[in-house]
Number of protein chains: 4
Amino acid sequence: MRRSSRPSPLKPRKAPSQPRAAETVASIIEAAAQVLESAGLEGFNTNAVARRAGVSIGSLYQYFPGKDALTIALMRREARLFYEDASKGLDQPTGEAAMDYLIRAAVRQQLRRPALARLLDVEESRPALRREASGPDTFQTLLATIMGRDDMPRQKRPNLVVGDVIAIIRGMVDAAGERGEKDVKDLGRRVRAAVFGYLSVSAGCD
Amino acid sequence: MRRSSRPSPLKPRKAPSQPRAAETVASIIEAAAQVLESAGLEGFNTNAVARRAGVSIGSLYQYFPGKDALTIALMRREARLFYEDASKGLDQPTGEAAMDYLIRAAVRQQLRRPALARLLDVEESRPALRREASGPDTFQTLLATIMGRDDMPRQKRPNLVVGDVIAIIRGMVDAAGERGEKDVKDLGRRVRAAVFGYLSVSAGCD
Amino acid sequence: MRRSSRPSPLKPRKAPSQPRAAETVASIIEAAAQVLESAGLEGFNTNAVARRAGVSIGSLYQYFPGKDALTIALMRREARLFYEDASKGLDQPTGEAAMDYLIRAAVRQQLRRPALARLLDVEESRPALRREASGPDTFQTLLATIMGRDDMPRQKRPNLVVGDVIAIIRGMVDAAGERGEKDVKDLGRRVRAAVFGYLSVSAGCD
Amino acid sequence: MRRSSRPSPLKPRKAPSQPRAAETVASIIEAAAQVLESAGLEGFNTNAVARRAGVSIGSLYQYFPGKDALTIALMRREARLFYEDASKGLDQPTGEAAMDYLIRAAVRQQLRRPALARLLDVEESRPALRREASGPDTFQTLLATIMGRDDMPRQKRPNLVVGDVIAIIRGMVDAAGERGEKDVKDLGRRVRAAVFGYLSVSAGCD
DNA sequence: TATGAATGAGTGTTCATTCAT
DNA sequence: TATGAATGAACACTCATTCAT
């Protein structure tokens with residue numbers, strides 16, 4: 001695996017101004033998702049993505065300055081998708097209902113394309129990607145907002161709790177995806193049990 | 001020269017009969033751990049491991065028939081370390097105490113070498129490795145035994161619950177390791193909160 | 001990095017669509033021939049071929065998925081050359097004249113590039129290559145056709161006789177090439193003597 | 001395949017003076033034969049031979065200064081075996097009977113261990129080996145002697161004829177071995193037809 | 001003398017990236 | 001701007017050979 005000596009650039013090479021270019025970019029990103037799903041991290045290479053997208057490798061590099069930039073773009077697409085769904089939960093009357101909604105959204109997201117979600121989680125742990133992948137609208141800020149609602153238990157160390165809750169959700173949901181679970185409702189219930197169990201106990205002790 | 005097309009072998013190539021060889025094997029495995037920690041999955045290659053171990057690449061391949069076999073050997077070393085610690089928890093008088101001990105052992109294991117533990121978890125998700133890496137003495141069987149204790153809540157779907165609990169522990173503990181947490185006690189408490197919270201809720205609902 | 005464990009593919013990887021690519025492919029095949037001639041089977045490696053062809057090793061692998069595929073391509077090139085020459089003999093009025101033509105063609109082919117022809121014969125004995133290298137138009141079918149002519153002696157076991165005749169031709173012609181013989185006419189006469197001698201005797205005895 | 005920069009020595013390292021050493025040498029040579037038969041040229045390596053012989057690789061190198069020396073020793077063993085059998089034919093009353101005997105001996109030799117014989121023929125074409133492998137008592141001298149008998153047809157170029165006859169025999173017999181033929185008598189008859197056919201025709205024309 | 005652990009140059013192959021067309 | 005041929009550093013793995021024990 002060649003990692004270029006100068007750290008390869010991570011931002012999209014150009015904002016696609018023309019609609020045709022935007023389509024091309026989108027098709028490349030979706031091709032990346034499909035390659036990741038069907039061939040795994042080992043089979044995830046730029047040539048395969050270009051082929052699947054039906055564009056030349058040269059075109060791919062016109063829009064993405066490197067492989068990592070492509071991965072990041074895919075992460076952002078998935079994050080945006082999730083955020084658009086999950087943020088609706090902020091309208092819920094109670095914090096508990098909002099949290100419930102958030103959990104369900106996370107489960108939905110994961111079970112929609114389980115392999116993809118899991119592999120992106122793995123990639124996200126690479127420092128180079130993690131830095132770039134997280135925009136301002138994240139799981140973290142969403143959760144923090146919800147945890148701040150009046151009806152939610154006060155926490156001594158809110159950041160830590162947010163981190164823990166995310167870890168619980170991610171852990172359970174990735175594992176479920178790997179096992180091939182399909183039932184959103186059932187998995188949602190179990191994750192809910194874990195999160196609310198954690199919150200109730202931790203609020204007391206901490 | 002690529003000759004054989006059999007799916008690269010995963011078992012150690014030969015048992016080191018001389019003490020010098022045993023040292024070499026151990027130093028290679030430890031070097032693998034260090035390379036994984038310092039260079040990540042991307043930098044984890046057999047040449048780097050041999051260099052770090054201070055042996056030639058040929059020596060590495062005398063004892064490990066392939067890269068995956070080396071990874072598995074490392075997994076097993078860590079699993080054995082964990083199991084030796086965690087299985088002491090079976091002596092505890094109550095299931096709850098045993099579970100408590102198990103959780104603490106998991107936390108200790110993870111915080112001992114956080115990056116290593118996390119990357120091995122990732123590798124373990126590759127089917128080829130998972131099959132080989134898990135001996136009979138695993139986290140799973142340990143947990144299942146504990147869940148079967150009299151004082152633990154009966155579960156309708158014990159396998160699923162075991163999976164969920166492992167996912168919760170792994171998720172929280174990996175995330176904590178990534179954040180650089182060092183405090184075993186504190187993390188242990190929080191994981192305990194999540195697990196027991198989950199168990200109490202799930203036993204009721206399910 | 002060794003990833004796939006499929007038994008290395010033998011068909012050309014992609015048809016060169018641009019004229020530049022076709023040139024590259026041809027130059028690689030010819031380089032393979034030259035390396036084989038000058039360095040023998042021992043020195044026949046993909047890096048040497050690429051260097052001799054004046055292309056990068058990557059280019060070689062763009063067009064040939066493996067070393068064996070390259071060998072096969074070279075075999076086919078030589079086989080086609082031979083077939084184009086030898087099949088003209090089918091126009092001859094008598095079977096005997098056709099056989100004569102065929103023998104001369106074989107001798108010409110062999111003495112054109114003796115070392116190459118001999119080493120390809122050796123390689124062809126590897127089962128994996130033999131299977132792929134022989135198209136429908138081969139020495140065998142050519143010979144069988146000629147042997148079926150009216151004026152040729154009936155044989156009890158035609159397949160065996162074809163095999164024997166090929167073996168006689170190959171054996172004599174390879175040995176002559178190794179000895180450095182250059183005189184096509186002379187060698188042709190001797191091979192003719194052996195083949196017709198064999199046929200006349202074997203037709204009687206058998 | 002590493003061929004050492006200085007041409008590796010080809011003579012046996014030492015004449016085994018003690019009977020135990022002679023046994024070891026013989027067992028190594030036989031192991032080489034078996035490895036060649038069962039694994040082919042590709043699997044023919046010194047470690048495999050040592051393992052099969054039940055000696056350490058170090059011991060192998062005590063008796064043979066290199067891989068090629070081992071190959072040559074095996075060739076010599078087979079040549080001696082053949083010569084011991086074939087030279088009995090010199091007692092035959094006529095040249096024709098002697099030639100007949102020689103052909104049968106060649107066929108016997110080849111069909112005894114077909115794969116071995118074929119692979120040694122291939123190896124023998126490597127110049128480094130060919131030089132060393134042929135002692136004074138060879139197929140060639142034997143054939144030349146027989147061709148000089150009174151009742152054999154005079155040949156204008158006896159060396160060439162000897163070469164041709166050997167080539168015919170080798171070619172037919174190797175091909176038969178490759179096809180898996182087992183019937184010594186039948187193959188002997190066919191080779192006899194080819195050789196005598198060749199001789200009678202060539203004696204006239206030449 | 002026998003052992004087998006150790007060596008390392010060499011070989012097949014991949015893939016991110018560039019650039020002439 | 002789009003194409004895809006070309007590049008070459010990097011990596012997995014082999015095997016003839018050496019040498020300390």
Side-chain angles (χ1 to χ4, degrees), chain A residues 1-5 8 18 20-21 24 42-51 55-62 64-68 70, chain B residues 1-4 8 14 16-25 44-48 50 55-68 70, chain C residues 1-4 8 14 16-25 44-48 50 55-68 70, chain D residues 1-5 8 18 20-21 24 42-48 50-51 55-62 65-68 70:
Chain A
M1 220 174 294
R2 183 146 88 92
R3 299 281 168 199
S4 56
S5 38
S8 76
Q18 299 174 13
R20 188 160 61 100
T24 303
E42 304 191 7
F44 180 52
N45 66 65
T46 53
N47 286 283
V49 170
R51 203 177 321 122
V55 304
S56 68
I57 183 65
S59 287
L60 189 154
Y61 275 86
Q62 291 250 323
F64 300 95
K67 191 190 184 189
D68 284 351
L70 174 57
Chain B
M1 220 175 291
R2 185 144 83 93
R3 295 251 187 244
S4 69
S8 83
K14 67 176 163 193
S17 63
Q18 297 180 9
R20 183 166 52 134
E23 267 175 51
T24 301
V25 167
F44 180 54
N45 65 63
T46 53
N47 288 287
V55 303
S56 69
I57 183 66
S59 285
L60 189 155
Y61 278 92
Q62 287 240 333
Y63 297 105
F64 303 96
K67 190 189 183 187
D68 285 350
L70 175 55
Chain C
M1 221 176 289
R2 186 145 83 94
R3 294 256 187 240
S4 70
S8 82
K14 64 176 164 192
S17 62
Q18 298 180 8
R20 182 165 55 132
E23 266 176 53
T24 302
V25 167
F44 180 55
N45 65 62
T46 53
N47 289 286
V55 304
S56 70
I57 183 64
S59 286
L60 190 155
Y61 277 91
Q62 288 240 333
Y63 297 104
F64 302 96
K67 191 191 183 186
D68 285 350
L70 174 56
Chain D
M1 224 174 289
R2 184 147 87 92
R3 299 280 167 198
S4 56
S5 37
S8 77
Q18 298 176 12
R20 189 160 61 101
T24 304
E42 303 191 8
F44 180 53
N45 66 66
T46 53
N47 286 282
R51 203 178 319 122
V55 304
S56 69
I57 182 66
S59 287
L60 189 155
Y61 275 85
Q62 291 249 323
K67 190 190 184 188
D68 284 350
L70 173 56

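Quick caveat: nothing in here was measured; it's all calculated off a predicted structure.
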**Student:** Please work out if A:Phe44 contacts a base, only the sugar-phosphate, or nothing of the nucleic acid, heavy-atom cut-off 4.0 Å.
**Tutor:** sugar-phosphate
**Student:** Closest heavy-atom contact between C:Ser59 and C:Tyr63?
**Tutor:** O-CD1, 3.2 Å
**Student:** With rounding to the nearest 0.5 angstrom, report the CG to OG1 distance, B:Leu70 to B:Thr46.
**Tutor:** 8.5 Å
**Student:** Could you state the atom-to-atom distance from CG of D:Asn45 to P of E:dT11 in whole Å?
**Tutor:** 16 Å
**Student:** Between A:Leu60 (CG) and E:dC15 (P), how many Å, whole number?
**Tutor:** 15 Å
**Student:** Whom does E:dT13 pair with, Watson-Crick or G-U wobble, provided both distances fall under 3.5 Å?
**Tutor:** F:dA10
**Student:** Taking the nucleotide of DNA chain F with the closest heavy atom to each, which residue, B:Ser59 or B:Thr46, is nearer the 5' end?
**Tutor:** B:Thr46
**Student:** Of all the choices, E:dA6, F:dT18, F:dC13, which nucleotide is nearest to the side chain of B:Ile57 once you look at every atom?
**Tutor:** F:dC13
**Student:** Nearest nucleotide by nearest heavy atom, which residue falls closer to the 5' end of DNA chain F, B:Asn47 or C:Val55?
**Tutor:** C:Val55
**Student:** Rounded to the nearest 0.5 Å, what separates atom CZ in D:Arg51 from atom CG in D:Asn45?
**Tutor:** 7.0 Å
**Student:** For a quick test of reading the model: is some side-chain N or O of D:Gln62 closer than 4.0 Å to OP1 or OP2 of E:dA2?
**Tutor:** yes
**Student:** Go through E:dT7, E:dT13, F:dA16 for me and flag the one nearest to the B:Ser56 side chain.
**Tutor:** E:dT7
**Student:** Report the distance from atom CG of A:Asp68 to atom P of E:dT17, rounded to the nearest whole Å.
**Tutor:** 7 Å
**Student:** Return the value, rounded to whole Å, for the distance between atom NZ of A:Lys67 and atom P of F:dA9.
**Tutor:** 20 Å
**Student:** Check D:Tyr61 against D:Lys67 and note the closest heavy-atom contact, atom names and distance.
**Tutor:** OH-N, 4.5 Å
**Student:** F:dA20 pairs with which nucleotide, Watson-Crick or G-U wobble, both distances below 3.5 Å?
**Tutor:** E:dT3
**Student:** Taking only side-chain nitrogens and oxygens of A:Tyr61, does any of them come within less than 4.0 Å of OP1 or OP2 of E:dT17?
**Tutor:** yes
**Student:** Roughly how many Å is it from CZ in A:Arg51 to P in F:dA5, rounded to a whole number?
**Tutor:** 12 Å
**Student:** I need the CD-P distance between A:Glu42 and F:dA12, as an integer number of Å.
**Tutor:** 12 Å
**Student:** What pair of heavy atoms forms the shortest contact from A:Gly43 to A:Ala48, and how long is it?
**Tutor:** O-CB, 4.1 Å
**Student:** Would you say E:dA6 has OP1 or OP2 under 4.0 Å from some side-chain N or O of B:Tyr63?
**Tutor:** yes
